[in-house]
Amino acid sequence: MDNFDISKIEFDEEVRIVFMGTPDFSVPILEALSKNYNVKGVVTQPDKPVGRNKELLPTPVKKYANDNLILVIQPENIRESWQEVVSFHPNLIITCAYGQILPRELLVYPKYGCINVHASLLPKLRGGAPIHHAIIDGHKKTGVTIMHMSPRMDEGDIISSKEIEILDTDTAESLHDKLSILGRDLLIETLPSIIDGTAPRIKQNNDEATYAKNISKEDEKIDFSKTKKQVYNQIRGLNSWPGAYAIFDKKRMKVWSSRMSEYADPFKIDGQVLNIYEDGIGVKVSNGEIILTEIQPEGKKKMKASEYLNGLQDKNSIIGKIFE
């Protein structure tokens, strides 16, 4: 709104927080805020149909708020419904994986600002899927950044950050859980400086920015022409959602875990089954072999590759077949 005038807003000294978030990642942060501060309301995405029966289920953040008697609103479009947020009279808005871009009217409203908890070390991995891409892209470390929000996505001034090592055994799920707790603790540690006005504003270096776009269907398909490390990172970077997959025997097969092998056969084609192991299926990649150890054939449950192999009349019958 062009006639919006922040100078006409009256504030008092009580900290009144509105929290905006949606997925599981945000819940520990909301929980800590609700136990330490006055959370006046929660804003989350609308309920969406889930499963074959298309049952409408609340978002994880909504469920926590309802269970703890915190008022919830779920605007379809926050740019059109920002006044609903203002009706809580917040003097601090905190967002974490909310899922919509906030309009200028909200960014300028609260006395203490609009603060975002982002799951990367900004300016690295701006965007909607920083946890997935941290693993897929082969990063050795990542972290959490607390930042002042700006009109452009994840470009606001940094207040604080904390890094964490990415282990070779980490999946997107395990890293998600670590970063959620790290973000919770860093926010609670940082909030006093935001409220008393001593929080720093560190400009981001846009020249160092990288981007973590939302995962697409194309990102889920395994490209066996890549290196074994790249394929290994892709598989664990998509575990446990949405899952990497390949086409085998004209059916989709999800791949949930793998390990790298020293075996190499340069005379086979990428994606070809090279070996059968006690724990998995050895598949040719550009620089050797990746062993698929946990899979999910189309229409079936997740299983160890050994279970799948044990169900075949002849395990060796798949040697030479192609994963596409």
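We use all heavy atoms of the structure for the numbers below, so side chains are in, but hydrogens, waters and symmetry mates are not.
Here the closest non-hydrogen pair linking E208 and K124 is O-NZ, 3.3 Å. Across every non-hydrogen atom of Y98 and P75, the tightest pair is OH-CG, 3.9 Å. The shortest heavy-atom contact between P103 and W82 is CG-CB, 3.8 Å. Q204 and M147 get closest at one heavy-atom pair: NE2-CE, 4.4 Å. Taking each heavy atom of Q272 and G320 in turn, the nearest pair found is NE2-O, 3.2 Å. Shortest non-hydrogen contact noted between K162 and L186 is N-CD2, 3.8 Å.
No salt bridge links K141 with E165; every basic N to acidic carboxylate O contact stays at or beyond 4.0 Å. Salt-bridge check for R126 with D154: failed, with every basic side-chain N at 4.0 Å or more from each acidic carboxylate O.
S216 and D219 are linked by a side-chain donor-acceptor pair at a separation below 3.5 angstrom, with hydrogens and angles left out of the test. No hydrogens or angles considered: nothing links the side chains of N206 and R152 as a donor-acceptor pair under 3.5 Å. Side chains of T198 and S193: no donor on one and acceptor on the other come within 3.5 Å. Side-chain atoms of R79 and Q100 include no donor-acceptor pair closer than 3.5 Å. Side chains of T190 and S160: a donor-acceptor N/O pair is present below 3.5 angstrom, by distance only. When only modelled atom types and interatomic distance are considered, E289 and N275 share a side-chain donor-acceptor pair under 3.5 Å. For the residue pair K62/Q74, the side-chain donor-acceptor check at 3.5 Å is satisfied. D279 and T293 share no side-chain donor-acceptor pair at under 3.5 Å.
For the atom pair T210 OG1 and D137 CG, the distance stands at 7.5 Å (nearest 0.5 Å). How far NZ of K254 is from CD of E294: 12.5 Å, rounded to the nearest 0.5 Å. Distance check, rounded to the nearest 0.5 Å: CG of L312 to CD1 of I318 gives 6.0 Å. A distance of 10.0 Å separates CZ in F19 from CD1 in I70, rounded to the nearest 0.5 Å. Taking CG of D196 as the reference point, atom CG of L191 lies at 10.5 Å (rounded to 0.5 Å). Here CG of L292 is found 6.0 Å from CD1 of I281. Values are rounded to the nearest 0.5 Å.
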task: Starting from the C-alpha separation in whole Å, work towards a yes-or-no answer on side-chain contact (heavy atoms from CB on, under 4.5 Å) for I17 and Y112.
output: CA-CA 10 Å; I17 293 174; Y112 301 116; over 6 Å; no
side-chain contact (heavy atoms from CB on, under 4.5 Å) assessment of H133 paired with Y211: CA-CA 9 Å; H133 282 284; Y211 293 88; over 6 Å; no
- request: In sequence, state the C-alpha distance, the side-chain angles, and the governing distance for M20 and I78, and then conclude on side-chain contact (heavy atoms from CB on, under 4.5 Å).
  value: CA-CA 11 Å; M20 306 177 73; I78 194 65; 4.0 Å; yes
task: Test side chain to side chain donor-acceptor pair (under 3.5 Å) on N287 and T227 and set out the steps.
output: CA-CA 5 Å; N287 66 339; T227 68; 4.8 Å; no
task: Test side chain to side chain donor-acceptor pair (under 3.5 Å) on E84 and S87 and set out the steps.
output: CA-CA 5 Å; E84 291 185 65; S87 70; over 6 Å; no
- prompt: Given I222 and Y245, is the side-chain contact (heavy atoms from CB on, under 4.5 Å) satisfied, shown in steps?
  reply: CA-CA 6 Å; I222 299 171; Y245 78 93; over 6 Å; no
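L102 and M153 are not part of a single hydrophobic cluster, where members link through side-chain heavy atoms under 4.5 Å apart. Under the 4.5 Å side-chain heavy-atom criterion for grouping Ile, Leu, Val, Met, Phe, Trp and Tyr, I159 is connected to I94 within one hydrophobic cluster. Note: the hydrophobic cluster containing V39 also contains I115 (ILVMFWY, side chain heavy atoms under 4.5 Å, direct or indirect links). A continuous path of ILVMFWY side-chain contacts below 4.5 Å connects V42 to L33, so both sit in one hydrophobic cluster. Hydrophobic clustering (side-chain heavy atoms under 4.5 Å, transitive across Ile, Leu, Val, Met, Phe, Trp, Tyr) keeps L238 apart from L125.
For NZ of K229, the number of neighbouring non-hydrogen atoms (other residues, nucleotides, ligands) closer than 6.0 Å is greater than 12. Counting non-hydrogen atoms of other residues, nucleotides and ligands closer than 6.0 Å to NZ of K302 gives a total above 12. The number of heavy atoms from other shown groups lying within 6.0 Å of NZ (K221) is above 12. More than 12 heavy atoms of other residues, nucleotides or ligands sit less than 6.0 Å from atom NZ of K213.
Within the structure, every pair that satisfies the side-chain hydrogen bond (donor to acceptor under 3.5 Å, both in side chains) test and touches residues 19-34, not counting sequence neighbours, is listed here: T22-T44, E31-K35, S34-Y64. For residues 312-324, every residue pair satisfying the side-chain hydrogen bond (donor to acceptor under 3.5 Å, both in side chains) rule, not counting sequence neighbours, is listed here: D249-K321, N310-K315.
At a threshold of 4.5 Å between non-hydrogen side-chain atoms, the residues M253 and Y308 count as touching. M303 has its side chain within reach of I295: a pair of non-hydrogen atoms, C-beta onward, lies under 4.5 Å apart. The closest side-chain heavy-atom distance from V108 to R104 is below 4.5 Å. Side-chain contact between I93 and L106: present, with at least one pair of heavy atoms (C-beta onward) separated by less than 4.5 Å. Counting heavy atoms from C-beta on, the side chains of I290 and F224 come closer than 4.5 Å. Side-chain atoms of P60 and K63, non-hydrogen and from C-beta on, never get closer than 4.5 Å to each other. In this structure, the side chains of I166 and L175 come closer than 4.5 Å at one or more pairs of heavy atoms. At least one side-chain heavy atom of L274 sits under 4.5 Å from a side-chain heavy atom of K268.
No donor-acceptor pair under 3.5 Å is formed between the side chain of N36 and the backbone N or O of I188. Formation of a donor-acceptor pair under 3.5 Å by the T145 side chain with backbone atoms of H118 is not found in this model. H176 places no side-chain N or O within 3.5 Å of a backbone atom of S240 that could act as its donor or acceptor partner. The backbone N or O of K284 lies less than 3.5 Å from no partner atom in the side chain of D270, so there is not a single donor-acceptor pair. A donor-acceptor pair under 3.5 Å is absent between the side-chain atoms of Q230 and the main chain of Q234, judged by distance alone. At distances below 3.5 Å, at least one donor-acceptor pair connects side-chain atoms of N116 with backbone N or O atoms of T95. Of the possible donor and acceptor atoms, one in the side chain of R236 sits under 3.5 Å from a partner among the backbone N and O of D170.
For the pair R259 and Y277, the cation sits on the ring face: its NZ or CZ lies under 6.0 Å from the ring centre, inside 45° of the axis.
Within the hydrophobic cluster formed by Ile, Leu, Val, Met, Phe, Trp and Tyr side chains joined at under 4.5 Å, directly or through other members, I269 is accompanied by I322.
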